[in-house]
Number of protein chains: 2
Amino acid sequence: MFASEAVRPAAASSSQPLAWPVIGTRRTMIGTSSGAENDVRALQQIGTKLRVSRGKTIFNEGDPAENAYKVVNGTVRLCKHMADGRRQIAQFAFPGDFVSFMEGSEHNFTAEAVTDVVLMCYPQRQIDQLGVQKPSVRDRFLTLMCQRVCDMQNLLMVLGRQTAKERVASFLLMLLERIGFEEDDILDVPMSRQDIADNLGLTIETVCRTLSDLKRAGVIDIPNQRQLQLLDVEALQSLAAGED
Amino acid sequence: MFASEAVRPAAASSSQPLAWPVIGTRRTMIGTSSGAENDVRALQQIGTKLRVSRGKTIFNEGDPAENAYKVVNGTVRLCKHMADGRRQIAQFAFPGDFVSFMEGSEHNFTAEAVTDVVLMCYPQRQIDQLGVQKPSVRDRFLTLMCQRVCDMQNLLMVLGRQTAKERVASFLLMLLERIGFEEDDILDVPMSRQDIADNLGLTIETVCRTLSDLKRAGVIDIPNQRQLQLLDVEALQSLAAGED
DNA sequence: CGTACTGTTGACACAGCTCAAGACAAGTGG
DNA sequence: CCACTTGTCTTGAGCTGTGTCAACAGTACG
């Protein structure tokens, strides 16, 4: 039962002045403590498990929004595609995150599996019903939606006004806040460099170069392609805040 | 009583393949027809009128979100500021638009008056109450919030992946969709070049140059600084879609 | 008719993009 | 276990779109 949430490590400890303000205990917002227990159970009853393998599309922009999803395991990207292949990733969804709740009648973005993914799949109609029956559930989703809007607004600032170095720093801090350290100060990076680039509005080369720069500056280390060691989180924070 | 909505012109007629998909009859979503009448009346009762003059701040990011607002007249910008003065405008709010409904306990952006503005001001607590009493009101706000998310996702694509020319074209089409033609093919531009630049993640100079380019290409004319004549909307649409 | 503000245009610089080559990693089949 | 292939990542060299800086033109207002 939502085991993925239990094993998730706490978010960064020393993270006050993040470019992406920390929003309460986001990771434990749903599925823990007190009155929420009932809601979780109710949700659980109407959900079915679904596996999607790396790179596969979960749903496309414009598809009728018949289902909503919760990520149980793995990472999902929410993105838009242009006719000529340009892509913008609006958001990554990690274990515990809800995708496409209360989105209207059509999906307005594409969801793709970044890694092999396990999802809970909830028929939209039943979610709506549950929302009517249990105002607490509805409030929860509303809160999540607000956080989503808030995250997107922060990303707008990143894309519109930050330099490459600032963007990468913001990204690393976002990852840290969302999935936390794997161990000590090692950060798992589930997505490819291309995915990072398409999230930050950069090219893959610029992302690589910027990571190398940060390594040379002693702010991070790159033990391997899917892991990063954050040596100086404060430096990242002042970078992301533009104090440079 | 919400007179501003009545006089608002219909959105562009020939606007199917917009970069910002047209979302139903957005402008008439609230405050017209059928069962909505009651909701409008209920809202009206808890609202008070408020005037804010050009350039003044309505509320700041981080302020406790005590009130929600509806723009009756004028234009409002919703933005974020960085410590060093960089600014990103996430959205413009035009007459009929709701601002800061269901945003959580703190405003997560700053709202400033682009022009002299008339607002309706609703205490957040009473809005919440109304939402509980009248599910239809709540649903309405939810729909609006979805549109807001959708708009922001489109803007993410603009900021992350479009060229200056594409961004300006996207902006003009957004304006056309939101406020429509003043007369024939004349478009009112209530905001300054700086505001446009801060919305599109460009500099004021690049915005000017790009408008001049579009003029030279015969796509628009610039009768004066606060009005634009759209001579070739289709050209703008293919520009915004990246077919170039 | 100044004064202040906003918008426009030009010349140049540079951050980030493009193109290209090579390094590394993960399979896959023998 | 080793070739071999394939895909991803990294680095270099040069180019270009957009930013920066500066001058000037409109426009509004007292």
Side-chain angles (χ1 to χ4, degrees), chain A residues 53-55 75 77 82 84-88 114-116 158-171 188-217 220-228 239 242 244, chain B residues 53-55 75 77 82 84-88 114-116 158-171 188-217 220-228 239 242 244:
Chain A
S53 53
R54 190 179 114 84
T75 302
R77 58 176 177 248
M82 287 180 66
D84 59 5
R86 280 179 281 180
R87 189 177 69 156
Q88 176 62 42
V114 169
T115 61
D116 287 350
V158 170
L159 296 184
R161 289 298 178 216
Q162 290 196 324
T163 65
K165 198 177 259 189
E166 290 166 349
R167 292 182 203 207
V168 171
S170 295
F171 176 81
D188 269 345
V189 182
M191 66 288 289
S192 69
R193 298 291 190 260
Q194 185 63 63
D195 286 332
I196 299 174
D198 284 341
N199 183 39
L200 296 179
L202 299 170
T203 59
I204 187 174
E205 293 96 331
T206 300
V207 171
C208 275
R209 269 188 260 274
T210 307
L211 286 172
S212 298
D213 289 350
L214 288 176
K215 178 177 173 180
R216 235 166 283 127
I220 64 172
D221 194 19
I222 312 181
N224 65 65
Q225 294 174 177
R226 288 304 162 109
Q227 290 194 314
L228 291 172
L239 263 178
D244 229 67
Chain B
S53 53
R54 188 178 115 84
T75 302
R77 59 176 177 249
M82 286 180 66
D84 58 5
R86 280 179 281 180
R87 188 176 70 156
Q88 176 63 42
V114 169
T115 61
D116 287 350
V158 171
L159 296 184
R161 289 298 178 217
Q162 289 195 325
T163 65
K165 198 177 259 188
E166 290 166 349
R167 292 183 204 208
V168 170
S170 295
F171 176 80
D188 269 345
V189 182
M191 66 289 288
S192 69
R193 298 290 189 262
Q194 185 64 61
D195 285 333
I196 299 174
D198 284 341
N199 183 38
L200 296 179
L202 298 171
T203 59
I204 188 174
E205 293 95 331
T206 299
V207 171
C208 277
R209 270 188 261 273
T210 307
L211 286 172
S212 298
D213 289 350
L214 289 176
K215 179 178 175 181
R216 234 166 283 128
I220 65 172
D221 193 19
I222 312 181
N224 65 63
Q225 293 174 178
R226 288 303 162 108
Q227 290 195 315
L228 290 172
L239 263 178
D244 230 68

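A, B, ... follow the sequence lines: proteins, then strands. Residue 1 opens every chain. Quick note: numbers below take in every heavy atom, side chains included, and nothing from hydrogens, waters or symmetry partners.
- The minimum heavy-atom distance linking A:D84 with B:G242 is given by the pair OD2-O, 3.9 Å.
- Every residue meeting the salt bridge (Lys or Arg N to Asp or Glu O under 4.0 Å) condition with A:R77, not counting sequence neighbours, appears here in chain and number order: A:E112, A:D195.
- Interface residues of residues 188-198 of chain A facing DNA chain C, ordered by number: none; criterion, heavy-atom separation under 4.0 Å.
- Electrostatic pairing of A:D116 and A:R54 does not count as a salt bridge here, judged by no charged N lying under 4.0 Å from a carboxylate O.
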Give the table of side-chain donor-acceptor pairs shorter than 3.5 Å for residues 207-215 of chain B, with sequence neighbours excluded, one pair per line with atom names and distance.
residue	atom	partner	partner atom	Å
B:T210	OG1	B:T206	O	2.6
B:S212	OG	B:C208	O	3.1
B:D213	OD1	B:R216	NH1	3.0

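- Under the side-chain hydrogen bond (donor to acceptor under 3.5 Å, both in side chains) criterion, B:D188 pairs with B:Q227, sequence neighbours left out.
- Inter-axis angle, ends of the helix from C:dC1-D:dG30 to C:dG30-D:dC1, five pairs per end, rounded to 10 degrees: 40°.
- Looking at B:I196 and B:V189, their side chains come closer than 4.5 Å, going by heavy atoms from C-beta outward.
- Considering only residues two or more places apart in sequence or on other chains, B:R226 meets the side-chain contact (heavy atoms from CB on, under 4.5 Å) condition with B:S192, B:N224.
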Its contact letters, B for base, S for sugar-phosphate only and - for none at protein heavy atoms under 4.0 Å, make nucleotides 11-22 of chain C read B----SSBB---
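- Checked against side-chain contact (heavy atoms from CB on, under 4.5 Å), B:E166 has the following partners two or more places apart in sequence or in another chain: A:R86, B:Q162, B:T163.
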Intermediate values then yes/no, side-chain contact (heavy atoms from CB on, under 4.5 Å), B:I222 and B:L228: CA-CA 5 Å; B:I222 312 181; B:L228 290 172; 3.8 Å; yes
Pull out every protein N or O sitting under 3.5 Å from an N or O of nucleotides 28-30 of chain D, one pair per line with the distance.
none

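- A distance of 8.5 Å separates OG of B:S170 from CG of B:L239, quoted to the nearest 0.5 Å.
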(message) Assess the residue pair A:R87 and A:Q194 against the criterion (side-chain contact (heavy atoms from CB on, under 4.5 Å)); give the C-alpha distance rounded to whole Å, side-chain angles, the decisive distance to 0.1 Å, and a yes or no.
(response) CA-CA 10 Å; A:R87 189 177 69 156; A:Q194 185 63 63; 4.0 Å; yes
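- The separation between A:L211 atom CG and D:dC9 atom C1' is 11 Å, rounded to whole Å.
- In this structure, the CD atom of A:Q227 is 14 Å from the P atom of D:dC9, given to the nearest Å.
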Q: Apply the test side-chain contact (heavy atoms from CB on, under 4.5 Å) to residues B:Q88 and B:D198: give CA-CA distance (whole Å), side-chain angles for both, the deciding distance (0.1 Å), then the verdict.
A: CA-CA 5 Å; B:Q88 176 63 42; B:D198 284 341; 6.0 Å; no
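- Rounded to whole angstrom, the span from the CD atom of B:Q225 across to the P atom of C:dT6 amounts to 11 Å.
- When rounded to the nearest whole Å, the span between CD1 of B:I222 and P of D:dG26 equals 14 Å.
- When rounded to the nearest whole Å, the span between CZ of A:R54 and P of C:dA26 equals 11 Å.
- Taking both residues in full, the closest heavy atoms of A:T203 and A:A197 are given as C-CB, 3.6 Å, listed atom of the first, atom of the second, then distance.
- Remark: P of D:dG7 and CD1 of A:I204 are 14 Å apart, rounded to the nearest angstrom.
- Between the CG atom of A:L214 and the P atom of D:dT11 there is a distance of 12 Å, rounded to whole Å.
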Check the pair A:L159 / B:R161 against side-chain contact (heavy atoms from CB on, under 4.5 Å), numbers first and verdict last. CA-CA 9 Å; A:L159 296 184; B:R161 289 298 178 217; over 6 Å; no
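- Within the structure, every side-chain polar atom (N or O) of A:R226 is placed at least 4.0 Å from both OP1 and OP2 of C:dA25.
- Nucleotide C:dT8 holds its C1' atom 11 Å from the NZ atom of B:K215, rounded to whole Å.
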